[in-house]
Amino acid sequence: QVQLVESGGGLVQAGGSLRLSCAASDRTFSTYARGWFRQAPGKEREFVAGISWRGFTTLYADSVKGRFTISRDNANNTVYLQMNSLKIEETAVYYCAATSLGGVPRTSAGYNYWGQGTQVTVSS
C-alpha cells in the first residue's frame, strides 16, 4: 500500500524554525504534485503550500508567503516544508498530500493521497 510518512514536527518557540519531511513509499509519487496542509483544533484543514512534480511551480497560502518554503527531492521521493518565523497560531497537525489528478490544487479535495500528520506546536 502506498504511504506518505511525515516527520520533523515538534515543539518550537515562536519565531523559531522547523523542517518537515514527507517520504513516499512508491517512486510513482515522484511524478505527482505534492502539498502540505494543516489543521488546528476546531478548525478546518487549510492549504499551506503545493509544488508541481518537477518543482517548477510552487504555491503558498498568503499567510505563509515569505516564511515557508516547499521543495522536493524526486530521487528520494521526499517533499520538504521549511518553516521559519513560526507563530503561535500556526500550532496544528501538518499533513502531507499527493495528487495524481493533475495540477497543483489549493484544496484538500484535489489530493487523493494523505499522510497521517505530524504535530507542530509553537509556544510563546
Side-chain angles (χ1 to χ4, degrees):
Q1 183 175 352
V2 174
Q3 286 187 316
L4 297 175
V5 180
E6 302 97 335
S7 61
L11 176 65
V12 64
Q13 285 191 324
S17 299
L18 279 177
R19 188 194 196 202
L20 304 183
S21 300
C22 175
S25 61
D26 190 314
R27 287 196 58 82
T28 303
F29 279 71
S30 65
T31 64
Y32 293 171
R34 306 279 286 275
W36 286 96
F37 287 73
R38 64 189 178 191
Q39 187 166 18
K43 295 188 176 181
E44 292 187 355
R45 190 170 298 189
E46 64 172 355
F47 173 79
V48 177
I51 187 167
S52 60
W53 77 273
R54 290 183 177 180
F56 293 162
T57 299
T58 55
L59 301 176
Y60 296 93
D62 288 344
S63 60
V64 307
K65 280 181 181 177
R67 298 185 298 117
F68 289 16
T69 302
I70 188 171
S71 61
R72 65 189 298 159
D73 178 356
N74 286 341
N76 291 303
N77 301 329
T78 302
V79 173
Y80 305 96
L81 184 68
Q82 177 67 43
M83 306 186 293
N84 298 328
S85 302
L86 281 160
K87 304 175 181 180
I88 294 174
E89 57 266 33
E90 293 180 312
T91 293
V93 177
Y94 283 70
Y95 295 91
C96 171
T99 181
S100 61
L101 307 176
V104 185
R106 288 181 175 269
T107 64
S108 57
Y111 293 83
N112 50 344
Y113 297 95
W114 291 88
Q116 293 300 306
T118 185
Q119 177 70 46
V120 172
T121 302
V122 185
S123 65
S124 59

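What you see below is based on every heavy atom in this structure, not just the backbone, and it leaves out hydrogens, waters and symmetry mates.
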Are [X] and [Y] grouped together when hydrophobic residues (ILVMFWY) are joined by side-chain heavy atoms under 4.5 angstrom apart?
| X | Y | answer |
| --- | --- | --- |
| Val104 | Val48 | no |
| Ile70 | Val93 | no |
| Leu59 | Phe37 | yes |
| Tyr111 | Leu4 | no |

Please give me the minimum heavy-atom distance between [X] and [Y], naming the atom from each residue.
| X | Y | answer |
| --- | --- | --- |
| Asn84 | Ser17 | OD1-OG, 2.9 Å |
| Asn112 | Ser100 | ND2-OG, 2.8 Å |
| Phe47 | Gly50 | CZ-N, 3.4 Å |
| Gly110 | Pro105 | O-CG, 3.5 Å |
| Gly103 | Ala33 | O-CB, 3.2 Å |

To the nearest 0.5 Å, tell me how far [X] [atom1] sits from [Y] [atom2].
| X | Y | atom1 | atom2 | result |
| --- | --- | --- | --- | --- |
| Glu6 | Tyr94 | CD | OH | 12.5 Å |
| Arg72 | Thr58 | CZ | OG1 | 12.0 Å |
| Thr99 | Tyr113 | OG1 | OH | 9.0 Å |
| Ser108 | Gln39 | OG | CD | 9.0 Å |
| Leu18 | Gln82 | CG | CD | 8.5 Å |
| Thr118 | Leu81 | OG1 | CG | 11.0 Å |

Query raised in the report: Should the pair Arg34 and Phe29 be classed as cation-pi, given the thresholds of under 6.0 Å to the six-membered ring centre and 45° from the axis?
Result: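 Verdict for Phe29: no cation-pi partner in Arg34.
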What I'd like to find out is whether the side chain of [X] reaches to under 4.5 Å of the side chain of [Y], using heavy atoms alone.
| X | Y | answer |
| --- | --- | --- |
| Tyr60 | Thr69 | yes |
| Trp36 | Phe68 | no |
| Val120 | Met83 | yes |
| Thr91 | Gln119 | yes |

Query - Heavy atoms of other groups near Glu89 CD, more than 12 under 6.0 Å - result: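 Count over threshold, so yes.
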Query raised in the report: Who are the salt bridge (charged side-chain N to carboxylate O under 4.0 Å, His left out) partners of Lys43, not counting sequence neighbours?
Result: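 Salt bridge (charged side-chain N to carboxylate O under 4.0 Å, His left out) list for Lys43, sorted by chain: empty.
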Requested in this report: Taking salt bridge (charged side-chain N to carboxylate O under 4.0 Å, His left out) as the test, write out the residues that go with Arg67, two or more places apart.
Outcome: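 Applying salt bridge (charged side-chain N to carboxylate O under 4.0 Å, His left out) to Arg67 gives Glu90.
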Query raised in the report: Given the rule in the side chain to side chain contact (heavy atoms under 4.5 Å, CB included) test, do Tyr32 and Leu101 qualify, once you have shown the distances and angles that lead to the verdict?
Result: CA-CA 8 Å; Tyr32 293 171; Leu101 307 176; over 6 Å; no
Query raised in the report: So, Asn74 side chain and Trp53 main chain: donor-acceptor pair closer than 3.5 Å or not?
Result: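 Answer holds: yes.
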Requested in this report: Would you sort out whether Asn77 and Asp26 count as a side chain to side chain contact (heavy atoms under 4.5 Å, CB included), showing the intermediate values?
Outcome: CA-CA 7 Å; Asn77 301 329; Asp26 190 314; over 6 Å; no
